[in-house]
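Just follow the structure's listing: the first ligand is 1, and inside any ligand the first atom is 1. Keep in mind that the numbers below use all heavy atoms, side chains included, and drop hydrogens, waters and symmetry copies.
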Amino acid sequence: MNELQDQVALVTGAARGIGRTIALKFAENGAHLVLSDLDLAGAEGVAREIEALGRQAISVEADVSNLEQADQLVKRAIEHWGRIDILVNNAGITRDSSLIRMDESQWDMVIRVNLKGTFNCLKAATRPMMKQKKGRIINISSVVGVMGNAGQANYAASKAGVIGLTKSAAKELAGRNILVNAVAPGFIETEMTLALPEKIIENYKTLIPLQRLGRPEDVAEVCVFLAGPHSSYITGQVIHVDGGMVM
Ligand code: NAP
């Protein structure tokens, strides 16, 4: 259980949901953490959970959609830990609407946080990782970025963009021993999905061969694998964690 012993991992959107669970699993596996979120108090709460596991964590308030804040976040991580071994670009939002009703701000905001935010943090973390001559970057995409979804054109476009960004970065950075992969979760039980009406959740279950929603732990375990020593020959991949929806 110490696959990430003394590695330093930066997780965005770490105050709750999938990001929080990834951070806790990394800590259980021996990593120290930089927890970033808009919600600083939430991130600090997760830091206390990590400290209770005997690991260390710092919390940094940052809006990933802002390049300067992403740069400052990475700078803060380097000042504190001296390096970043693992970056998980997890922060993400939805602003659902039919295409016909979707206004420009809904489109722009989702692209800015989910796609540009991933670019911003990836760009900021790449420089120290290049100096270290090693690094792992895990971008959280979505089943919706692969299959599309009515009412989520903005979200689907952002998450498909994350896949293109992942593959391009993987090709550019492979020579520097920086591995870049994406994880595409299906429907996972978090505040993002549990806010949906029960009828819609039941309907989603009929689309999932494994007949249940996923748990944040299902995603976090795959992230541990992609960050750890057993995935050193894997880059540019999209790992689907969706109960078999995409196959
Ligand atoms: P969540 O419960 O809504 O948590 C997202 C976290 O990201 C929140 O703490 C949120 O902070 C933070 N955040 C939002 N905008 C941010 C920004 N601009 N800068 C920094 N942090 C920001 O979401 P989740 O369900 O855990 O999802 C995590 C990731 O998995 C997202 O990328 C999502 O698209 C992806 N995903 C989720 C599912 C699912 O079924 N849940 C499926 C596929 C993919 P605030 O609370 O302050 O807004």
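The side-chain heavy atoms of I93 and M109, taken from C-beta on, include a pair separated by under 4.5 Å. In this structure the side chain of N181 never reaches within 4.5 angstrom of the side chain of V238, judged on heavy atoms. Annotation: side chain of N89 is not in contact with side chain of I140 (no heavy-atom distance under 4.5 Å). At least one side-chain heavy atom of H240 sits less than 4.5 Å from a side-chain heavy atom of V146.
Remark: the Q152 side chain and the D96 side chain contain an N/O donor-acceptor pair separated by less than 3.5 Å. In this structure, a donor-acceptor pair under 3.5 Å is absent between the side chains of N139 and T118.
Every protein residue with a heavy atom nearer than 4.0 Å to ligand 1 is included here: G13, A15, R16, G17, I18, D37, L38, D39, A62, D63, V64, N90, A91, G92, I93, V113, I140, S141, S142, Y155, K159, P185, G186, F187, I188, T190, M192, T193.
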